[in-house]
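Comments concern the structure below.
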Amino acid sequence: MLRVVRIVAMAALPLACSVPHQPQAENPFIGTWVTADNAGITIRPETVVQHQPDDKSTCHGVFRFSYGTKTRQALTALVMRQPELRQRLSDLLVESSYPVAELDCDRGDQTYVLLNAHQLVAIYRDGDIGAIDRLARP
């Protein structure tokens with residue numbers, strides 16, 4: 001009997017040492033987002049794919065994509081030289097900080113601000129010239 005107990009205990013040892021599988025936290029940026037004009041983007045874990053039918057340009061080898069967090073102040077400072085646009089952005093951003101996805105490309109940069117699970121604000125910049133757009137999940 002003692003031998004059977006040892007065998008059962010030895011067989012159960014690997015099960016006792018295994019770590020339960022933890023589900024990965026879902027990235028709220030991942031998915032397809034569209035503007036009111038049906039221009040869209042798809043955010044993947046490692047990049048952004050833009051869906052603009054007339055856009056044939058590339059980043060000419062200059063490309064960076066990252067996730068992070070930015071304060072409301074840092075986000076509104078992206079359009080510092082356009083007071084009216086800065087005010088519109090300030091009116092949209094009511095929290096103190098937001099999760100962001102940032103894309104730098106040869107011709108400018110884009111910051112996608114996650115407002116909630118269903119809405120993004122896109123801040124487009126080319127030098128000192130900026131624009132904003134609201135995107136939603138289809």
Side-chain angles (χ1 to χ4, degrees):
M1 185 67 174
L2 185 56
R3 185 174 185 206
V4 172
V5 171
R6 275 191 221 163
I7 292 172
V8 170
M10 294 296 270
L13 187 58
L15 293 175
C17 295
S18 69
V19 177
H21 176 67
Q22 296 289 332
Q24 284 187 315
E26 187 174 317
N27 184 336
F29 282 100
I30 302 299
T32 299
W33 302 84
V34 295
T35 67
D37 299 327
N38 286 325
I41 60 168
T42 299
I43 297 180
R44 297 180 181 161
E46 70 286 344
T47 194
V48 170
V49 178
Q50 294 184 340
H51 308 289
Q52 296 175 336
D54 298 326
D55 188 9
K56 299 191 183 342
S57 62
T58 63
C59 290
H60 302 290
V62 179
F63 180 85
R64 185 183 68 80
F65 179 73
S66 63
Y67 294 106
T69 302
K70 286 201 177 228
T71 65
R72 179 178 185 264
Q73 183 178 2
L75 291 166
T76 57
L78 291 173
V79 290
M80 180 70 77
R81 294 184 181 238
Q82 294 174 273
E84 184 179 307
L85 187 59
R86 184 174 184 190
Q87 185 60 51
R88 281 183 47 216
L89 186 58
S90 183
D91 292 345
L92 285 171
L93 304 176
V94 296
E95 303 295 330
S96 61
S97 66
Y98 290 89
V100 297
E102 297 178 280
L103 171 73
D104 292 328
C105 185
D106 178 55
R107 59 181 206 175
D109 61 80
Q110 297 151 30
T111 302
Y112 299 98
V113 182
L114 187 67
L115 296 178
N116 57 49
H118 303 286
Q119 295 182 345
L120 286 179
V121 170
I123 304 168
Y124 307 107
R125 291 186 330 141
D126 189 355
D128 287 339
I129 306 300
I132 62 173
D133 206 353
R134 292 187 73 150
L135 294 93
R137 291 195 189 270

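All values below come from the heavy atoms of this structure, side chains included, with hydrogens, waters and symmetry mates left out.
- In terms of heavy atoms, R86 sits closest to A77 at NE-N, 4.5 Å.
- Annotation for Y67 and P45: closest pair CE1-O, 3.3 Å, computed over non-hydrogen atoms.
- We find the NZ-OG distance between K70 and S96 to be 15.0 Å, quoted to the nearest 0.5 Å.
- Atom CD1 of I43 sits about 9.5 Å away from atom CG of L103, to the nearest 0.5 Å.
- In this structure, L135 is not a member of the same hydrophobic cluster as V34, with clusters built from ILVMFWY side-chain heavy atoms closer than 4.5 Å.
- Closest approach of I129 to Q82, counting heavy atoms only: C-OE1, 3.6 Å.
- Not one N or O on the side chain of R125 forms a donor-acceptor pair closer than 3.5 Å with the backbone of G108.
- A distance of 7.5 Å separates CG of L93 from OG1 of T76, quoted to the nearest 0.5 Å.
- In this structure, V100 and L75 have side chains that are in contact, with non-hydrogen atoms separated by less than 4.5 Å.
- Taken from CG in L120 to OG1 in T35, the straight-line distance is 11.5 Å, to the nearest 0.5 Å.
- Summarising the geometry, atom OG1 belonging to T69 is positioned 10.0 Å from atom CG belonging to L114; distances are rounded to the nearest 0.5 Å.
- Minimum heavy-atom separation, V79 to G130: CG1-CA, 4.2 Å.
- Counted within 6.0 Å of CZ on R81, heavy atoms from surrounding residues, nucleotides or ligands total 12 or fewer; the atom is thus considered open.
- Under the 4.5 Å side-chain criterion, counting only non-hydrogen atoms from C-beta, L85 is in contact with R88.
- At least one side-chain heavy atom of R137 sits under 4.5 Å from a side-chain heavy atom of W33.
- Contact check for I132 versus L92: side-chain heavy atoms found under the 4.5 Å cut-off.
- Here the straight-line distance linking atom OG1 of T32 with atom CZ of R44 works out to 8.5 Å at 0.5 Å rounding.
- Here the shortest heavy-atom pairing between I41 and Y112 reads CD1-CE2, 3.3 Å.
- Shown here is Q73, whose CD atom has no more than 12 heavy atoms of other residues, nucleotides or ligands within 6.0 Å.
- In terms of hydrophobic clustering, with Ile, Leu, Val, Met, Phe, Trp and Tyr side chains grouped at heavy-atom distances under 4.5 Å, V49 and F65 are assigned to different clusters.
- Considering only heavy atoms from C-beta on, F29 stays 4.5 Å or farther from V48 through its side chain.
- Side-chain heavy atoms closer than 4.5 Å link hydrophobic residues (I, L, V, M, F, W, Y) into clusters, and following such links, even through other members, never connects L78 to Y124.
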